[in-house]
Amino acid sequence: MAQKISTEELTKHATAKDCWILVNGKVYDLTNFAPEHPGGADSTLIIILSAPTSQLTALAVITKYAGKDGTMTYNTYHSASLIDKTLSDAEKKGDFDESTTTTAWLAAQQEAATPEVCSDEKPDLSAIINLDDFEQAFAKVGAKKAQAYISGASNDLLTLNANKSFWQKLWFRPRIMRDVASVSTRTRMLGCEVFMPVWICPMGIAKTAGEEGERALGAGAARSGIVHCMSTAASMSVEDILSSAPKTYPFFFQLYVDRQRHKTEAVLAQINQLDQIKALFITADLAVVSKREADERIRTQEITSVYSSQEKSRIDKKGAGLARTTGGFIDPALNWDDISWVRTHTNLPIVIKGVQSAADAWKAMEMGCQGIVISNHGGRALDGAPATILVLLEIRRDCPEVFEKMEVHIDGGVRRGSDVLKAVCLGAHGVGVGRPFQCSVLYGTEGVETAAAILQDELETAMRLCGVTNLEAARGDMSYLNTSELEQYLPKPERQPWFAGLRARL
Ligand code: 173
């Protein structure tokens with residue numbers, strides 16, 4: 001990169017068909033990335049840069065920054081080294097010539113890059129006392145686009161809301177006078193020793209919530225004795241995330257199976273080399289990316305303000321939300337027979353994430369999986385899918401055998417330590433918490449640690465008040481629960497012929 005590029009030169013390449021962008025002091029030609037977009041060569045709205053790991057790691061709205069400084073947005077989504085690793089030498093046009101900038105040019109760049117936020121009054125971390133407070137803090141100061149992506153869910157948010165409210169239909173039956181001076185929340189999840197049975201759900205692009213991104217989740221998890229399940233769609237490389245925690249600290253890895261199966265095989269080969277990764281969570285509830293309207297509306301506004309009517313006409317009519325435009329690589333053909341293919345590429349415990357019925361819990365057990373996550377993707381997959389706690393109760397009622405054969409985990413709407421206790425008493429080995437941790441990244445590693453400490457404290461308090469001294473001993477002990485309200489919502493087993501068929505084969 002010997003050549004110096006002036007603002008005048010950069011500004012000449014300001015269209016989708018000839019698109020130079022300034023990133024971290026260097027000028028790059030991103031024109032050729034348009035064809036990589038799942039929408040095809042004509043769709044110049046988004047690029048997806050595939051990291052050397054073949055993992056989907058990054059996304060940028062490039063046309064907006066054609067001929068401009070895209071540094072701020074690039075750094076929100078990508079690790080610093082990714083662009084140099086990904087582009088060819090011919091696409092690295094040269095160092096930017098700072099001496100050619102003018103006040104007007106700098107002001108224009110600033111305006112293009114500044115994210116729209118609601119307020120800049122970030123609440124002090126000490127004012128945050130529960131997990132909802134993290135989401136509210138993020139709603140206050142987070143970039144609108146990031147909020148729409150993180151807090152958003154499918155269609156009418158039926159499942160998002162049910163996930164949360166159904167925890168409140170499950171009640172305790174507390175015991176008293178049991179000497180709860182000392183209680184233990186320690187247990188094992190998928191072979192990992194943890195302070196409490198909580199893992200951080202895999203969520204895409206954590207840098208949208210805060211600069212430290214997934215490194216805050218990794219470091220915060222390690223300091224709190226819980227596990228971070230990293231996402232295929234992370235905004236940092238796997239190695240970057242692992243290095244945020246001590247060398248032997250465990251992580252889980254979430255996998256989306258790619259339509260191009262060789263890419264998934266390459267990811268698995270990479271994961272196999274990394275001793276810190278202890279389990280593979282295969283996401284199975286998002287065969288196609290759902291309709292996320294908050295996300296789509298933000299994108300629509302952006303499109304309206306930035307693109308010409310000719311460009312607009314080429315944009316995907318099915319909605320251009322962040323997940324939809326990046327999720328085209330997910331293979332909708334994934335099916336149960338693929339478990340044996342995954343098995344030939346990994347020795348890790350295989351956990352199927354996204355089980356929403358007793359029938360599929362049973363199926364996963366039959367296929368020899370080591371675990372399941374009862375999940376509906378935090379209400380971000382099928383709207384109208386049942387609240388996850390209801391599915392846990394259904395599995396407990398209809399096929400309790402699965403708890404003996406594999407680990408049963410659950411996520412969706414968990415906001416309190418008492419929810420963790422409820423899940424464990426129903427038989428869960430671990431509980432995933434998503435959005436509150438993602439929002440806690442607003443405060444970096446300290447925020448993630450604070451979120452975990454709040455959960456730990458609430459869990460211990462709930463145990464003491466319920467007469468539970470040892471969480472592991474209470475696993476599956478339904479004597480601590482009153483399930484009668486929740487049971488009213490269970491589907492009647494006799495109306496389900498599939499289940500009689502499955503059981504008959506026992
Ligand atoms: O829920 C999501 O947003 C998600 O899982 C996803 C899917 C594809 C790309 C990015 C995120």
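Both ligands and their constituent atoms are indexed starting at 1 by order of listing. Note that the structure is predicted; figures quoted are calculated from it, not measured. All values below come from the heavy atoms of this structure, side chains included, with hydrogens, waters and symmetry mates left out.
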A.B. asks: Could you check whether any side-chain N or O of D331 sits under 3.5 Å from a backbone N or O of V257, counting only pairs where one atom can act as donor and the other as acceptor?
C.D. replies: no
A.B. asks: Looking at E458 and S418, would you say the former's side chain and the latter's main chain have a donor-acceptor pair under 3.5 Å?
C.D. replies: no
A.B. asks: For ligand 1, which atoms, with element, lie under 4.0 Å from some heavy atom of R292?
C.D. replies: 1 (O), 2 (C), 3 (O)
A.B. asks: Scan residues 203-244 for pairs that pass ring-ring contact (aromatic ring centres under 6.0 Å, His included), counting only residues two or more places apart or in two chains.
C.D. replies: none
A.B. asks: What atoms of ligand 1 come within less than 4.0 Å of a heavy atom belonging to R380?
C.D. replies: 1 (O), 2 (C), 3 (O)
A.B. asks: Does ligand 1 have a heavy atom under 4.0 Å from the side chain of M203, from its backbone, from both, or from neither?
C.D. replies: neither
A.B. asks: Pull out every atom of ligand 1 sitting under 4.0 Å from any heavy atom of G327, numbered as shown with elements.
C.D. replies: 8 (C)
A.B. asks: What pairs with F281 under ring pair (Phe, Tyr, Trp, His ring centres under 6.0 Å), at least two apart in sequence or on another chain?
C.D. replies: W199, F252
